[in-house]
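Working notes, structure below.
Proteins come first, then strands; the chains are lettered A, B, ... in the order of their sequence lines, and each starts at number 1.
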Amino acid sequence: MAIVFDGTRESYVEGLSEFLGSGQEDTPEWVADLRREAISGFGELGFPTLSDEEWRFTNLEALRRGSFSIAEDGISDVSMKTVNSYGFSGLDCLRLVFVNGRFASSLSDAGYTREGIVVKALSEAIREDGDLVKDYLAKYADYEKDAFISLNTSYFEDGVFVYVPDQTVFEKPVHVLHVSTDEGRPLFINPRNLIVIGQSSDAKVIEHYVSLSQSVYFSNVVTEVVCGENANLEHYRLEFESQKAFNFSTLRVNQQKNSNIASHSILYGGAIVRNNVHPVLAGEGCNSDIYGLFMSEGRQHMDNFMRVEHASPHCDSRQFYNGVLDGRSKGVFHGRILVHEGAEKTDAKQTNRNLLLSDTAQIDTKPQLEIYNDDVKCTHGATIGQMDEEALFYLCSRGISMKTAKIIMLRAFTNQTLEHMSIDSVREALENTVMKWFEQRLGNGDGR
Amino acid sequence: MLEVKNLHVRVDDKEILKGMNITVAPGEVHSIMGPNGSGKSTLAQVLAGKEAYEVTEGEVTFQGKDLLDLEPEERACEGIFLAFQYPVEIPGVANTYLLREALNAKREYREEKPLKHVEFGKLARDKMKALGIGEDLLKRSVNAGFSGGEKKRNEIFQMQILEPTLAVLDETDSGLDIDALKIVANGVNSMRDSGRSFIVITHYQRLLNYIVPDFVHVMVDGKIVKSGGKELAQELEEKGYADF
Ligand SMILES: Nc1ncnc2c1ncn2[C@@H]1O[C@H](COP(=O)(O)OP(=O)(O)OP(=O)(O)O)[C@@H](O)[C@H]1O
Ligand SMILES: [Mg+2]
């Protein structure tokens with residue numbers, strides 16, 4: 001019997017005991033306790049409303065009215081061939097596949113457990129490496145303050161666990177492919193990923209969300225990252241969910257002294273999408289580079305919520321987000337930079353550029369600086385505009401068709417963020433996807 | 001080759017060209033001079049197909065075709081090239097990329113095979129040398145952060161690659177130092193032949209010492225008020241436009 005949530009706060013709160021009783025029997029007690037604690041957090045919070053300052057631009061009424069249920073088993077619907085089609089050509093990586101939130105071992109590479117490195121499904125890690133997981137899981141993503149983190153912490157099923165010990169460079173990018181399928185009713189899927197990088201260690205993780213159908217579902221992702229002293233992480237979130245999905249995700253990063261992260265968020269699918277990126281630069285001398293590209297069309301709604309927290313001196317952060325909006329879609333860029341007392345010599349920069357392809361697309365861009373310190377450098381800038389007519393004319397005057405000229409301009413715009421990706425095959429795959437998207441937008445005409 | 005008859009053009013309800021006439025035969029170089037705001041750039045942009053300019057009267061034929069009927073890219077493929085007075089900066093689009101796309105668009109229009117990367121590279125390098133353009137300029141974004149002179153040289157470089165039948169140079173000499181001026185002039189002169197024509201818009205007779213025109217026209221308030229040979233430029237240099 002499937003567990004069904006009718007959209008009310010009570011249904012999510014009350015559903016947990018049933019969830020714990022079905023299929024979760026072999027989870028350790030500390031995890032069950034964590035889930036219970038988290039759901040009481042949700043009980044207090046409920047879904048945010050428009051009167052909540054951080055949700056002013058994103059209406060969750062449809063989510064509150066929707067009925068969703070925990071997935072049964074979609075794994076058998078997914079073939080190896082399908083999974084391979086989401087690969088990145090020529091990339092030597094370690095692939096873990098999850099279907100509707102559950103680990104699909106038959107579609108995944110064998111886990112990696114050598115030289116102290118652990119890459120495996122979180123569910124397995126909880127059973128086999130419990131002490132390790134326990135030190136980090138839910139220690140950073142605050143389930144008492146954020147409703148979606150509470151729900152995820154209560155109902156997460158699986159995701160990736162990456163642990164790289166000190167002084168270790170893990171060369172292979174980890175490709176975490178989350179696939180959703182149509183089980184005939186709207187699903188509630190809670191992927192949970194945990195990435196721990198030790199001192200002076202390196203890793204690359206690609207979170208990739210795809211859907212095999214254009215069905216309605218509610219996916220709610222939480223990824224926690226702990227980046228040790230002097231460690232480097234490059235993280236990708238490639239969101240290609242169904243056009244009808246509700247997709248919420250949080251990337252919560254804790255950065256220790258002199259660590260570097262580069263985060264890339266690509267938002268492409270989803271009906272209502274909210275992507276939270278929340279690095280805390282906890283140690284001195286950290287560097288956070290946060291890149292994002294969102295593309296919306298039709299009635300898609302994409303909300304990018306940044307919270308960059310400078311908690312120590314001498315840290316640099318860069319936010320660089322570009323949006324391309326078509327149709328009647330709506331975008332939000334909410335860029336919050338929080339500089340704590342004592343975080344001297346902070347250098348924080350934020351740029352959000354938006355390109356509107358139609359008269360009916362809309363973007364709300366809002367910088368928010370909260371600075372409790374005098375010795376900081378914070379800059380922000382946002383632009384909203386149409387494609388540059390002068391540049392288009394210049395290209396056409398050289399013999400290039402209007403359609404190609406537009407594609408060239410769009411590519412130049414999207415490359416401003418994509419060019420920062422260090423994994424070439426991922427960047428190239430995205431460039432192709434972006435191109436196809438543009439071509440669809442421009443239709444069959446001559447581009448005028 | 002080009003025939004402009006009684007051309008009237010307005011932008012934002014303001015008439016700028018007020019009965020413009022000019023006829024250019026194959027192989028000829030025409031120079032248009034005239035005070036600021038007289039409509040020289042407007043004519044150039046209208047020939048290239050800029051949409052914001054509304055043609056209210058008159059006609060333009062180019063090699064027997066109604067030019068006003070064609071989109072800007074079709075005009076370019078038919079052989080028209082405009083060297084912009086203010087070349088547009090396009091960050092994120094490499095100069096080479098624009099050029100290869102442009103050249104291949106033109107070749108496709110003529111039903112020729114696209115040039116391969118190496119072939120294009122060789123072609124570009126040969127032309128660059130002559131214009132004193134460094135390799136790095138090719139890789140950089142189109143005109144982005146180029147100096148004034150670099151932008152103008154880049155326009156001439158594009159012209160050389162695209163080999164137009166009619167090139168309109170809008171103040172390509174402005175902002176060039178004397179050496180660059182000679183380089184640009186040589187670039188133009190090396191392309192002069194019996195089948196190719198130029199319209200050179202300039203404020204300075206200096207350029208015309210290097211690119212010797214067959215005809216000089218004076219444009220005032222949206223039309224040609226006087227035409228003559230190259231000696232007219234000298235006359236204007238001395239007397240200015242006060243007589244018109
Ligand atoms: N888009 C526009 N909107 C309004 N007025 C315009 C526009 N474009 C041109 N004009 C006006 O048309 C007139 C002619 O401009 P144009 O640029 O053709 O002059 P020009 O002869 O090239 O001048 P210069 O020698 O300074 O380059 C000017 O008065 C200019 O202000
Ligand atoms: Mg002008």
More than 12 heavy atoms of other residues, nucleotides or ligands under 6.0 Å from [atom1] of [X]: is that the case?
X        : atom1 : value
A:Glu419 : CD    : yes
B:Glu108 : CD    : no
A:Arg448 : CZ    : yes
A:Lys349 : NZ    : no
A:Glu389 : CD    : no
B:Arg140 : CZ    : yes
A:Lys366 : NZ    : yes

Chain A contact via [X] - which portion, at a heavy-atom distance below 4.5 Å:
X        : value
B:Asn104 : neither
B:Gln45  : both
B:Tyr97  : side chain
B:Leu162 : side chain
B:Glu101 : both
B:Pro91  : backbone

Return the minimal non-hydrogen interatomic distance between B:Val93 and A:Ala412, and the atom names on each side. CG2-CB, 3.7 Å
What are the two closest non-hydrogen atoms of B:Ala76 and A:Gly399, and how far apart are they? CB-N, 3.3 Å
Supply the atom-to-atom distance [X] [atom1] to [Y] [atom2], rounded to the nearest 0.5 angstrom.
X        : Y       : atom1 : atom2 : value
A:Ile408 : B:Ile90 : CD1   : CD1   : 8.0 Å
A:Phe393 : B:Glu73 : CZ    : CD    : 10.5 Å
A:Ser397 : B:Phe84 : OG    : CZ    : 3.5 Å
A:Tyr394 : B:Leu98 : OH    : CG    : 6.5 Å

Out of B:Ala102, B:Pro87, B:Ser141, which one racks up the most heavy-atom pairs below 4.5 Å with chain A? B:Ala102
Considering only heavy atoms and a distance below 4.5 Å, find which of B:Met159, B:Arg75, B:Lys106, B:Gln158 pairs most often with chain A. B:Gln158
Would a distance-only check, ignoring hydrogens and angles, find a side-chain to backbone donor-acceptor pair under 3.5 Å from A:Arg398 to B:Leu82? yes
Pairing of B:Lys50 and A:Glu390 as salt bridge, 4.0 angstrom limit: yes
